[in-house]
Amino acid sequence: MISTQSGDDEKSAESQKLFECVTRGAFLDGIMSPLSRELAERFNVLTTDIDMTFAWACTSMDWICPACLRGKRDIARLTEKGKLMCRLVEHHDHMADLVEAEFERQCKAHSKIVADEFGKRFAKRASQMVAAYDNTIICDDCNTADPKAKRDVGTHMDFSYSPQEISQFVKARPNVPHEIDREQAKRIWLEQAETFKLRLVIVARIASIAATNNHWYQEVPRFQRAEQIYANAENLARHYGSLASLYELAGDKRRPPVDASAWRKTIHQPPRRAPQSEDLDYIAKVSSATSWSKVEQTWQCPCCRRTKFHSVRLSNKNKWVFNIFTPSFYGPTERYGTKNVVVCQDCSSLATAIGREACLALGITNESAYAKFLKPEELAMVVLSHPHRQHNVDNDRADELVMLLIERINQLSPPKSVGVD
Ligand SMILES: [Zn+2]
Ligand SMILES: [Zn+2]
Ligand SMILES: [Zn+2]
């Protein structure tokens, strides 16, 4: 592409703008950043003698290496040639490359190659599965510690240590390369050796499926892929000046309903079966582990009085779920006028729905924390709870509560007079 003179000028003006941001101190870094100037002075080098990687520039000045936990000030160091190393690099699990190599080897091992380019792409997609971790930015010293530890310990040559594992065997000190705790590195390899063998078997299997053209990958052209279509639209919207408005093009999905109380006229039915012990076990250990472990076994929702077990219900996708939330409720005697209370998922959404209904009646549509207008006790008065089911609502009491809330919201933030000069 031939760029015009004015195009180049525009570009360099844009670069100048970015450089100035970084010079003043931005969420990016660069040879002109305050940190770089500080380091250059401390190590007595010119900024032109800084050996900086792209990843260093892409991270903030207070970035910390996930493997050795050093900050940039402690990572930078002088080389023998007098260069100041400011190097962060991408650490990858080379198992993914191994799939490709093994695919090529197996293809060539056939008397006639039966695989095609799609087989190769299948192998590439499947290779994600045998990688132990996603590509991670770590410091150069940590990245170098990986092959060094592998040699010292004598691991399989295709094995590589993950950032978490590197952090267990490097002995990090400021501004010098790492020493390695060989015993730790060895222990980790021995723990991983068995799984690693399994991964090698999977690599060989994937490669063989691809090399014999027995794979199932059917490529869809890029421009037809959902991800690509959304990305294009976002770029266009950004180009036209507003990314956020893109999501309003199809109409405002959050426009207030005609009847603000319609949401509580639906009657929820209890499920036909209760969750079984294996369902609970799966919730506690896999699907809702964080929420489940957040409260004691004896916990009861303070609003609806349901136990943990009874708060488990079917989601819209027909999966058993358990969630707890900590909304800020109305707490007039509390320090900030709100009180955080741990409640079940259904009490939380009920609090939001009632608070929103009262706000809508007042024409308030931009509130983000609707629970803060009601007390947990008030919520408890309108809840019709049942095990393993969303709450139904006592509509007469809810009518009264909404009226009370409207009054309260008005007192908290009296409506501004409109149209008066
Ligand atoms: Zn590091
Ligand atoms: Zn690498
Ligand atoms: Zn509850």
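Numbers here simply count residues along the sequence, with the first being 1. Whatever order the structure lists them in is the order used to number ligands and atoms, beginning at 1.
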* Salt bridge flag under 4.0 Å for residues Asp146 and Lys150 -> no
* the Zn ion (ligand 3) neighbourhood, protein N/O/S only, threshold under 2.8 Å -> Cys301 SG, Cys304 SG, Cys344 SG, Cys347 SG
* **Donor + acceptor pair across side chains of Glu102, Gln106 (<3.5 Å)** => yes
* Backbone or side chain, does His178 get an N/O/S atom under 2.8 Å to the Zn ion (ligand 1)? -> no
* Does any donor atom in the side chain of His91 or Asn143 lie under 3.5 Å from an acceptor atom in the other side chain? -> yes
* Asked: Is any NZ, NE, NH1 or NH2 atom of the basic residue among Arg37 and Glu41 found under 4.0 Å from an Asp or Glu carboxylate oxygen of the other?
  -> no
* Of the non-hydrogen atoms in Arg70 and Val176, which two are nearest, and what is the gap between them? -> NH1-O, 3.2 Å
* Charged N-O contact under 4.0 Å between Arg121 and Glu117 -> yes
* Structure fact -> For SG in Cys65 and SG in Cys142, the angle at the Zn ion (ligand 1) (nearest 10°) is 110°
* Asked: Do Asp51 and Lys81 meet the salt-bridge criterion of a basic N to acidic O distance under 4.0 Å?
  -> no
